[in-house]
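Read through the structure below, which is laid out as C-alpha cells, and then see the notes.
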There are 2 protein chains.
Amino acid sequence: MDRSLADTTRSLEKLGYRMTPQRMFVLRAVDESRGHVSADDIFASVRAQFPRISFSTIYRTLDLLQEIGLITKSDLGAGRVQYHRADEAHHHHLVCQRCGGIVDLDEQELEPLWEALRKRYNFKACERHMAIFGNCRQCQS
Amino acid sequence: MDRSLADTTRSLEKLGYRMTPQRMFVLRAVDESRGHVSADDIFASVRAQFPRISFSTIYRTLDLLQEIGLITKSDLGAGRVQYHRADEAHHHHLVCQRCGGIVDLDEQELEPLWEALRKRYNFKACERHMAIFGNCRQCQS
DNA sequence: GCGATAAATGCAACTATTTGCAATTGCTAA
DNA sequence: TTAGCAATTGCAAATAGTTGCATTTATCGC
Ligand SMILES: [Mn+2]
Ligand SMILES: [Mn+2]
Ligand SMILES: [Zn+2]
Ligand SMILES: [Zn+2]
C-alpha cells in the first residue's frame, strides 16, 4: 500500500474517527494481504501480534477501512465475505454458480452500465469489486 | 401464479425431487405473496396452516423454488434475503447505501452487459432481480 | 402388500456477522 | 492537571442462515 499511516489517520479523523492500536494492527494485516482475504484471515493475522483483539473490532475496522476507500468488500458466494485492497488492480468477478469458478472481469466492462445508471437514474453506482453470478463456459447446460 | 400445482410437481420430479405437504404450503405462501418477502414472512404464513414446519424446510424449499425458476432470491442489503415471485414483472434494484432507498431498474437495462459477458467471456449471467449498490440522486455528496 | 432404497423432515448444533452495553481510552478545553 | 465528553473496545447475546444426523415418508420392483 502506498498510503502512509499518517494518511490513513487523517482520513479517519476527517470523519471523526480515531487511530487506535487495534486499527493499526488491522491496517498492517490488510497491508500485507494479497487478493481476497476473509475477516477470519485478518483476525488470525492480527491476533498473532495483539492477542486481545476481538472479532467485533475486526469487523468494525474492516467496515471503516471500506468507508474510507482502502478496501472493498464483496460476497462471492463462498459463505464468508471477502475483502480486497482497493489499490490492487481494480476488477470485478464472474462467479459460476455450478462449479464455483471465479473469473476476473475488467473494471471497464461495467463502465457503460454505470454511465447509463448515472444518466437515466441519477444513480452513482459506487461498488467496486462486484460479483456477478451465472454459469461459466463449461457449466452451461 | 399461472402455474398449476401439477406443473410445479413435474418440475420438481424432473430433477429427482418430490412434492410434499410442506412444499405445497410454502408454494401457496409464495403464491399469495406480492413483492419482496423474507424467509421469515413465509415461515409465519406457513406455520399458521402447518405448525410443525421448520425453518430448515422453509429455507430448503425456497432454494428449491429458486432452482426451478419460480422465485428469485436477492440480498438488498437489509440484513435478510428477499424472495420475489419470478412471474411478477422482471426488474432489478438500485439500492442507496446512504438512505436505504430502493429504485426499480428495468430488466432490459442490463441486457447490454449480459450480452457483452456472453460474447467476451462465454459467461451466461443468470441472475434475475439483481441489487446494485450506490448512491441515489439525493444522497450524492 | 413388502422390503429395499432414496428423499425429505425436524431438531439441535453450528456458521458468519451484528448489536447492546458497560468499561476503557483519548481528545479538548478550562 | 483535570473534568467532561465522545469514541472505541471486548464481551456476551442475538441474528440470519446452514448443516449433520436420526427419524419419517415416499417410491419402486418384486
Ligand atoms: Mn478480486
Ligand atoms: Mn423486486
Ligand atoms: Zn462453472
Ligand atoms: Zn439515497
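Every heavy atom of this structure was used, including side-chain atoms; hydrogens, water molecules and symmetry mates were not. What you are looking at is a predicted structure, and each value in this text was computed from that prediction instead of being measured. The chains referred to below are lettered A, B, ... by the order of the sequence lines, with proteins before strands, and numbering in each begins at 1.
The separation between B:R23 atom CZ and C:dA7 atom P is 11 Å, rounded to whole Å. Atom P of nucleotide C:dG26 and atom OH of A:Y17 are separated by 19 Å, given to the nearest angstrom. In this structure, A:R18 atom CZ and C:dC27 atom C1' are separated by 5 Å, rounded to whole Å. Here D:dT8 presents its P atom at 7 Å from CG of A:L64, a figure rounded to the nearest Å. In this structure, A:E67 places its CD atom 13 Å from P of D:dA7, rounding to the nearest Å. Between the P atom of D:dA16 and the CD atom of B:Q82 lies a distance of 12 Å, rounded to the nearest Å. If you take CD1 of A:I58 and C1' of D:dG10, they are 12 Å apart, rounded to a whole angstrom. At whole-Å resolution of the value, CG in B:L12 and C1' in C:dA8 are 12 Å apart.
You'll find that the side chain of A:Q22 is closest to D:dT9, out of D:dA7, D:dT9, D:dT18.
For the OP1/OP2 pair of D:dT18 and a distance below 4.0 Å, the side-chain nitrogens and oxygens of B:Y59 include no atom meeting the criterion. Taking side-chain N and O atoms only, B:T20 has a distance below 4.0 Å to OP1 or OP2 of C:dT9.
With B:Q140 contributing its side chain and A:N122 its backbone, the two residues share a donor-acceptor pair below 3.5 Å.
Inter-residue side-chain proximity for B:H92 and B:E107 is flagged as met; some heavy-atom pair is nearer than 4.5 Å. A:I58 is not listed as a side-chain neighbour of A:T61, based on a closest heavy-atom distance of 4.5 Å or more. The closest side-chain heavy-atom distance from A:D63 to A:K73 is below 4.5 Å.
The residue among B:M19 and B:D63 whose nearest nucleotide of DNA chain D is located toward the 5' end is B:D63. Residues A:E13 and A:S56 each lie close to DNA chain C; by heavy-atom proximity, the contact nearer the 5' end of the strand is made by A:S56.
Classified by interplanar angle (parallel below 30°, tilted 30° to 60°, perpendicular above 60°), the ring pair B:H91/B:H129 is perpendicular.
Within 3.5 Å, no donor on the side chain of A:T57 pairs with an acceptor on the base of D:dT8, nor the reverse. With hydrogens and angles ignored, a donor-acceptor pair closer than 3.5 Å exists between the side chain of A:R60 and the base of D:dG10.
At a non-hydrogen distance threshold of 4.0 Å, A:F50, A:R52, A:I53, A:S54 from residues 35-54 of chain A come into contact with DNA chain D.
Taking the centre of each ring, B:H93 and B:H84 stay at or above the 6.0 Å mark.
Between B:R28 and B:D31, none of the side-chain N atoms (NZ, or NE/NH1/NH2) sits under 4.0 Å from a carboxylate O, so this pair counts as no salt bridge.
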